[in-house]
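What follows is one structure encoded as structure tokens, with my remarks underneath.
A quick note: this is a predicted structure, and the numbers were derived from the prediction, not measured. Every chain is numbered from 1, with letters handed out A, B, ... down the list of sequences.
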Amino acid sequence: MIVAEQKPLEEIRRMIAPYGRVLILGCGTCMTVCDAGGEREVSFLHNALQLAQARSGDVAHTFSEHTLKRQCDPEFLELLTEKTADVDVILSLGCGIGVQAIAERLPDMPVLPGVNTSFMGMTKESGVWDERCAACGDCRLEDTAGICPITRCTKGILNGPCAGVKNGKCEANKDMDCAWILIYQRLERLQQLDKMRRYYPPRNYRTIPRPRRIMSKVDTVVGEGDG
Amino acid sequence: MNMVNKSYPENRLENAPDHSLVPPCQDACPLHMDIREYIGLVSQGRIMEALQVIRTGNPFPSICAYVCTRPCEDACRRSQVDKPIAIRSLKRFAVEFGGDRMVRAEAETTHEEKVAIVGSGPAGLACAYYLKKSGYPATILEAHSDLGGMLRVGIPQYRLPREVLDIEVQRLTRMGVEIRTNTRVVSLDLLFELGYKAIFVTIGAHQSLRMGIEGEESPGVIDGATFLREVNLGLKPSLGRKVAVVGGGNVAIDAARTATRLGVKKVSILYRRTRAEMPADPKEVEQALEEGIDIKYLVTPTEIKSENKRLNVTCVKMKLGEPDESGRQRPVPVKGSEFREEFDTLIAAIGQAPQTPDDFGVRMGRGSTIQVDPSTLTTNRVGVFAGGDAVTGPATVTEALAAGRLAALRIDDYLQHRYPLPVKEAKEKLSGDLLPETIEMIRKIERVEPPSLASEVRAKDFETIELVYGWEQAINEARRCLRCGVGVEILFQDKCATCLTCLRVCPYHVPYLDASGTIRIPADQCQACGICVAECPAKAIVLRKPFDRRQVTEELGHTIKSAVESKTKPLIIGFCCQYGLFGTGTLARLWRSAKAGVSIVPVLCVAKVEAAHILSAFETGAEGVFIAGCGEQCARENTTYWVQQRVAKVRKVLEPIGLEPERLQVFALGTTAEDPAEELDKFVEQISALRLASVIKGEVES
Ligand SMILES: Cc1cc2nc3c(=O)[nH]c(=O)nc-3n(C[C@H](O)[C@H](O)[C@H](O)COP(=O)(O)OP(=O)(O)OC[C@H]3O[C@@H](n4cnc5c(N)ncnc54)[C@H](O)[C@@H]3O)c2cc1C
Ligand code: SF4
Ligand code: SF4
Ligand code: SF4
Ligand code: SF4
């Protein structure tokens, strides 16, 4: 799942300053799960912006709110037509993908990001999320016992551990487990320690052209990104 | 002042219908009273409203408050945790403190058809009450000199003060019900000839059953119902010094305790089974023992001889054998265990049956009961309805009241030539026991019993034994209710993002993932704490009752409105829990004494105050907001913790808005050593100072 954090209120207020009518648009999928932009957060932000405005007495914005099931699919965005009729800007609480999907779909409508899209990760416990995947496009988890060194090792090295490990913790952050120690322990458990003894050549990130596209169909889609 | 307040987004969830379920207490009540509702109102100290709810479901609540056999308490789910809610005692509290005596019942006569009610027990009285309310001229015909049936001539005064009964009877008279006492009806034809269009036969079950043993006719042997009737009608039968009562039901216990109150030194109850099988109310049995009554279990008389004005009673010991058709073990005599004992009086209280005059011409069934269609109460005779003990055999007051009410409905249908509509329960029943993991997390709170007279004092006369709760006791008892069936639901599953927050935050482990990966919140486990409602990031969870859903927003709306009307802006808004001490106890006065500028938004547990509500309070222009809850005394788990989480979240946005975080406070009982009253005073001072500072700052700037 994509994990994000709502932007500080000051920043949001600064962004919306030039616009009158603001639609706060939530996302009912990832942003709901990570507490950054679901219906409840939309409503909370709505209240907060309104309060800020009442207290400062500055330009009167008018706010409306809505939450789509997902912002990253054009069909869902179609449901917006009515809601955007008298709106000057969309403040999206979807991730960066959502914001761009809106930009693409509504050419004349300014759209603002209300959250900082942070990483792909999972819930550790209620209210705590951890990064787990860098979307590198070349998954090596088979060799590393299901633990990603690119994401979880501070240095992202492919042949760890480095010399900085102390008592199983990373030298860069004493509270963080060294990913490579975790990999070692799990490989040992799975009786696959031989995988530790191999050398993995460094990866050439430059060979991955961006933006990437995945096509599960044989027909080609014309446009950017097919390179 | 800028009073912009966000109009709440039109939320389809908030407008959804009432999905609450019928709790087991209500289901068990023959009158189907909305117990959960009135207990809830008592726990908020809203006694008058509680009484109103009670009165809608019960024509004579003050009577039930004394003598109901409490089937609701037997069904109460709290007994799976510790002990059932003291429902009857709470009703008594509401009736006494809510001013039931003052309630006036009025009724106009709008129909012509006269209805005769034969018998004035609870069934007859209830039928008269409801018939009169629907506009029929009703006449009660009663064989005795006073109305009330077993309420008058059966139940002893120490359990039901006659003044209570008299008030109800007076109410009926004032409503215009015609009353004819000393009128024993022998033929129904005569009543039809007199112009009555329908008749309700409710003659009770007053014929005592015989023991079927030799010597039963001896002087000194009397049956329980007759004995109690004589005492209740003011006679003082002479019983001698030593009395035996045969039987194990409530009538036996009442007879024995009445004998004690008449001054008999030694009263023994002979019962052929053990205490566990005794049909009498265990509490009554206990009280009888406290009053010095001796109960001999597994004993039955087999022969009575009258000798020298005394009774020489032969008894035999029993043991429990095979179960009989009722499932209870059948007592069988132990060979050679006979013994004799002398008594002055023997009271046989082994049951009663109805005694219906043959000329009534109604079809009879088992145990001389009148046969009726249970859903219409019609007999074989057109226009003749029957109900109460006469139909069921000896039962209870509440069942009789329910029969009376049903009869009134059915007679109305009959007279208006309407097809009787089945009384259908619109709501689903809550079924299923609490799971061990739910029970484990529910706070154990001791049941508060109302005070009662000490046994030494009470056995001397017929003074009422059970006394009434004080306010604090009643409120604490009412707070124990688990509010079964008004918990939460995911109304539109498509809104749920399956984030699992509810599953993680519920203190009672109620939400779970089913095999298909869908989150479920089972109604029979939910404790209605409301935590997940506020924490669900998709706002997919709602309380089952529309009122509960809207409560905080609506109350906040009232506060804002009254501020607008009075053209002042509230200095401080406080969300105060209405349960327990903050709502009704000592601290309530504190809020109500309305410190200048402090507006209170009453809430039903602070766990239902969402972060957005707090912001809305600030939006009204309030300089400070506080949330006051019961803290350690809350009947639910983790409520203060979640309030603190939300407060922290709000404080984070207050700062950039230019509002100091101190402007938002939580007061929770039991978490600080400080007196909450003092804390509040301090808070008010602090806020006043902050406001002054900002005013000065504003002036300097301009
Ligand atoms: C000692 C005792 C204690 C009890 N304690 C409790 C208790 O604590 N709680 C509880 O719920 N229940 C209790 N009960 C049971 C309860 O009182 C009865 O179930 C209830 O009163 C039945 O009501 P009813 O209207 O059917 O009949 P009843 O109350 O029996 O009334 C019938 C009336 O009809 C009159 N009548 C009879 N024949 C005629 C006629 N031919 N013409 C005119 N009038 C006639 C009778 O005089 C009587 O007044 C007790 C019963 C007894 C005997
Ligand atoms: S817009 Fe972003 S946050 Fe919303 S569903 Fe798509 S990927 Fe997830
Ligand atoms: S806990 Fe309350 S709602 Fe539940 S059965 Fe008991 S009295 Fe009724
Ligand atoms: S908290 Fe809300 S969105 Fe999350 S699983 Fe529960 S019902 Fe679904
Ligand atoms: S309302 Fe409370 S008890 Fe019910 S599911 Fe939600 S958190 Fe659990």
Salt bridge (Lys or Arg N to Asp or Glu O under 4.0 Å) for B:Arg504 and A:Glu125? Distances and angles first, verdict last. CA-CA 8 Å; B:Arg504 291 176 182 133; A:Glu125 59 189 64; over 6 Å; no
Please look at [X] and chain A and tell me whether the side chain, the backbone, both or neither of the residue comes under 4.5 angstrom of a heavy atom of that chain.
| X | answer |
| --- | --- |
| B:Leu659 | side chain |
| B:Lys649 | both |
| B:Val505 | side chain |
| B:Glu535 | both |
| B:Leu500 | neither |

May I ask you to check whether over 12 heavy atoms, not counting those of [X], lie within 6.0 Å of atom [atom1]?
| X | atom1 | value |
| --- | --- | --- |
| A:Glu5 | CD | no |
| A:Asn173 | CG | yes |
| A:Lys83 | NZ | no |

Could you have a look at B:Cys536, B:Cys496, B:Ala497, B:Pro537 and say which one has the most heavy-atom pairs with chain A under 4.5 angstrom?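 Of the candidates given, the most pairs with chain A belong to B:Pro537.
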Check whether A:Ser56 gets within reach of chain B through its side chain, its backbone, both or neither, counting any heavy atom under 4.5 Å.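 Contact with chain B is absent: no heavy atom of A:Ser56 under 4.5 Å.
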Is A:Thr123 close to chain B through its backbone or its side chain, or both, or neither, when contacts mean heavy atoms under 4.5 Å?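 Looking at A:Thr123, just its side chain touches chain B.
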Value rounded to 0.5 Å, distance of [atom1] in [X] from [atom2] in [Y]:
| X | Y | atom1 | atom2 | result |
| --- | --- | --- | --- | --- |
| B:Lys652 | A:Leu9 | NZ | CG | 11.0 Å |
| A:Asn47 | B:Ile614 | CG | CD1 | 10.5 Å |
| A:Leu51 | B:Ile657 | CG | CD1 | 4.0 Å |
| A:His46 | B:Ser616 | NE2 | OG | 9.5 Å |

Over all heavy atoms of both residues, which pair between A:Arg40 and B:Ala534 is shortest? Give the atoms and the distance, please.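 For A:Arg40 and B:Ala534, the tightest heavy-atom pair comes out as CD-O, 3.3 Å.
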Do you know which of A:Ala52, A:Gly38, A:Ser64 has the most heavy-atom pairs with chain B at a distance under 4.5 angstrom?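 Ranked by contacts with chain B, first place is A:Ala52.
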Any side-chain heavy-atom pair from [X] and [Y] closer than 4.5 angstrom?
| X | Y | result |
| --- | --- | --- |
| B:Thr501 | A:Val33 | no |
| A:Lys69 | B:Asp494 | yes |
| A:Phe44 | B:Val650 | yes |

